Amino acid sequence: MFQTFLKIGLRHLWRTRIYAFINICGLAIGLTCVLLASIYITDERSFDNFHKNSPNLYRITTRTETNGIAETVGGTGQVQGPAFKAQVPEIQSYTRIMGGDIYGDVKTADKVFQLQMLFVDSTFFDVFSFRMRSGNPATALLGNGSVVVTEKTALKFFNRTDVIGEVLQMAGDPSAKRLGRPLVITGVVENPPSNSSIQFDLLFPFQFLQLSFEDNNWLNAYLGTFVVLKPGTDLPTVVRKFNQIAKISSKDQLAAFEKEHASMPKISYDLQAITDIHLNPQDIADQNREAGVINGSKPIYSILFLTVSGFILFMASINFINISIADSARRAKEIGIRKVTGSRRRDIFLQFIGESAFISAIAFVFAFLTALVLLPVFNQLSGKQILPESIFQPRMLVWSAAILVFNTLLSGAYPAYLLSGLTPIKVLYEKGYLTGRSISGRVLVVFQFATAITLGIAALVFREQMYFIQNKDLGYNPQEVVQVHINNNGANDVQSVKSGFESELRNKPQVRQLSLIGDFGYRQARVGDRKFNSYYLTIDEHYLDMLEMKLKSGRNFSTLSQSDKKKGVIVNEAFLRAANIENPIGATFFPDSHFGAQPLTIIGVVGNFHYNSLKERIEPLVMPMSDQFGGGTLLFKTDRTNRQAAVSDIQHAFQQLLPDAAFTYYFLDDLNSQKYQQEKRLEKMISFATFISVLICCLGLFGLAHLSLMQRRKETGIRLVLGATVSEIVILFSKHFIRLIAIALMLACPTAYFIMNFWLSDFAYHIPFPWWTLPCNGILAILFTFITVGIQSARAAAANPVLALRSE
Amino acid sequence: MIKLEKISKYYPAGFGKTYVLRHIDLHIKEGEFVSIMGPSGSGKSTLLHILGLLEEPSEGEYLFLDEPVQKLSEKKRTELHRHHIGFVFQAYHLIDELTVYENIETPLLYKGTGSSERKSRVAELLDRFNMVAKKDLFPHQLSGGQQQLVGVARAIVHNPKVIFADEPTGNLHSEQSIEIMELFQKLNQEDKVTIVQVTHSETNAGYGNRVVRLKDGWLA
Ligand SMILES: Nc1ncnc2c1ncn2[C@@H]1O[C@H](COP(=O)(O)OP(=O)(O)O)[C@@H](O)[C@H]1O
Ligand SMILES: [Mg+2]
């Protein structure tokens, strides 16, 4: 019995190989997408689960509520960890880690690199499962002056990994200066896996950091504190203990804060499982991410990816369903005769499911291979580093099997149900019982088209907004500006580095201008009793000129005026609005305490410019003079035609002035466009998804048109004999599909409008919804249909009608 | 109106070719009612298709309404189908998706006849063939004889000069055949329509005024 099924199935497949080809192609594409999505999600969810302790490994988070505004960040200060460990017996071990976005210049006698540093407690290897290659994990981080390097770092410096006892210099680092001797390598650790939120090139003992930066303030939260709890610990109990300890220990500091700021933050702690961090990183807002955790992501990407690939697979399944139903005429006789000879409905149902499973399985094999081949491209697109072998891990294989079963049912169940329900009388004695134009078939085609059109509109809107972002007038000119970050060498040094550059580059015409700025992020400003957040950027007298910014009123800084350096400030228009200042020039306000307790006097006002990404609204901006407040970033305006020469001049000067530092530079416009990396990835993904869904739609259309032409061959012949022209036949056949597309358009337009408007609203500065994308997609859809259906019907119409009529 | 001179038709077969029709010379005048007869496979249908401009002869010359058919453009050929030629098939070849009314109406649509004229013309034929009550049925709801009546109605609805019928009664039993043949005779005599039919039946041939016999592609 089974053999007969197999024989009939295979013969049927062969006879209808063009449809089999369409189905296998479509399903393979859809399955590839779903497979890649599964790989992506598996990787996203696998973050940090390789630690042996991960079921009991938590990060302490800090919730701060100031003036009714609450914020939770994934960090603490330096004091919490040791205090909690001392008083909470449930904590088995803990480590602090500071770093993530901290890079330092590390050198040997002949090489210097800018590397990612992490300052950790000596218990680091107890808490986390990063594997030591050589060295003793228990003692490697004990002695001040020791350093543990990754294999990658070891290879970079020494071209080998047995580097214990070798020394590294960090001449510029304030801690290293205090230490006064080179650092000795005490351990080599495997490179952190790509699915680790904690990444590093070098590990330093925490006390090395404390040589230059000691902090006992309970109100701070900037580094990561990870604790391993004893198995079976009740989390709320531990959290309650944390809060009690903190309440007692921070009492004096809170009181002092209240006295100074006239407001009292409410601080409470919580625990976050390490495996939750990647998808909910709770980055410390508006500051460099120094809490040890990087590569944070959001669940929305996984959801979006799975949804889009699910839709694509469904579209491919729709092709399968529609073609199966439309082609049923061919199978109908077989079904009828089987039923007459005693087959039950169940047998026939299973037969068709079996055929669907067979097609799905072939498609799946192709999909699996395609996913493997595309993995490097996919990694590039998604910013991941997934290894091919991870496709073969048991979890993925189970997933795959589930997808295969799901796909078989998705595409096979409905046609099998429909076909097995045919009664012999209907099939054998009547004609026209099932055609490709059944209601359900139409609904599915409409759905398919609506999805493709929605994606098409989304892709176009996306492109428009990205174009807008990248070409918007930012309020300044970022072109030809090179940015070089000077690592913190102590505040005063930066000024002398600046004058060093000035004299080094004086007679280099390709470097036109130089400016020193410092980014201090969002801080408070106070005018009278009005308090608001402002962005603080220290600048010098060249900054506005260099970036071609216009003063709205007042004047630029001047080196001649001593008071400019002490208490002059330039603000933007948003600041005036927030402060409600009418006559700005000469007005005063109180800056954040970091900038002293004295009021600053506004000497100039600039127009609003986008110092952040266009996702963010332009907030009040305070620009004091950097002479007074230091800062760490040098900007160079270079000659347009001589950019490379300028960069090498800058590099030369850099190496003269800062022999212990590694030179890295960025062009400001590149930096700007990097802010939209996530969006660019999404844009690529959506364009790609659109392309694929259009392809699948066209494949399906091709199949349906081919089928309906086969079924209507006789009709075509008759019409031709009656005097129809080829174009009339083409229109006749396309009309049906065009009508479906019209309905799909009516569904897709509002859907796409709703979704994309929502997406646009995420940008503080965005285009109005581009209405032209709707008719544009409509026309494209109709064009594609016309081409796919038209070419075929033209071919059919051009064939000799007698052939069709004779075959009766 | 129809003039065949040395018409041959062959199909490629293996390395050579198989002749289906050989050196056919045939003249048919306006108003004639010709029956083509011959054993199965002798090339009757092929000949009819060539006459009806559905197939092209491999060799020879064919003048239809004094025009050499070989030189006709696709467009002109379609024009001839629309205005001057009607077909009746053994298997009826009605369009399954269209009703009786719509099937009959189709040639008028291609001819570009106005809607009111179309209505009256179709109504007239429905009336004449006693099919008024069936006008909204689909082909599969009719008996074979009724389907062929629709086929004939469709063939003459646009007032063609000539009707080509390929075994029009092949699938019908005798009473139905007689009905169709009488209809043909009436069309030929009263409406002056030229008719060329293929038939196996001497009785049917008797309704016409001339018989052409084919054997192995030769005119006998
Ligand atoms: N497309 C074709 N290719 C090859 N041979 C054909 C083709 N069409 C018809 N024939 C052959 O031509 C011969 C005559 O066919 P036909 O005109 O249909 O005969 P009749 O109608 O007299 O039975 C037959 O032997 C048939 O097999
Ligand atoms: Mg024949």
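Everything quoted here is computed from the prediction, not taken from an experiment.
Heavy-atom pairs under 4.5 Å with chain A peak, among B:K111, B:R154, B:H83, B:H158, at B:R154.
Within a 6.0 Å sphere centred on CZ of A:F784, other residues, nucleotides and ligands contribute 12 heavy atoms or fewer. A 6.0 Å sphere centred on CD of B:E179 holds no more than 12 heavy atoms belonging to other residues, nucleotides or ligands. Counting heavy atoms of neighbouring residues, nucleotides and ligands inside a 6.0 Å radius, atom CG of B:D136 exceeds 12 of them.
Looking at heavy atoms from C-beta onward, B:F87 lies out of side-chain contact with A:I718 at the 4.5 angstrom threshold.
Using a 4.5 Å cut-off between heavy atoms, B:L98 touches chain A through its side chain atoms alone.
Of the candidates B:T106, B:T78, B:V157, A:L722 forms a side-chain contact (heavy atoms from CB on, under 4.5 Å) with just one, namely B:T106.
Distance check, rounded to the nearest 0.5 Å: CZ of B:R82 to OG1 of A:T725 gives 5.5 Å. The structure places CG of B:L54 at 9.5 Å from CG of A:L720, a figure rounded to the nearest 0.5 Å.
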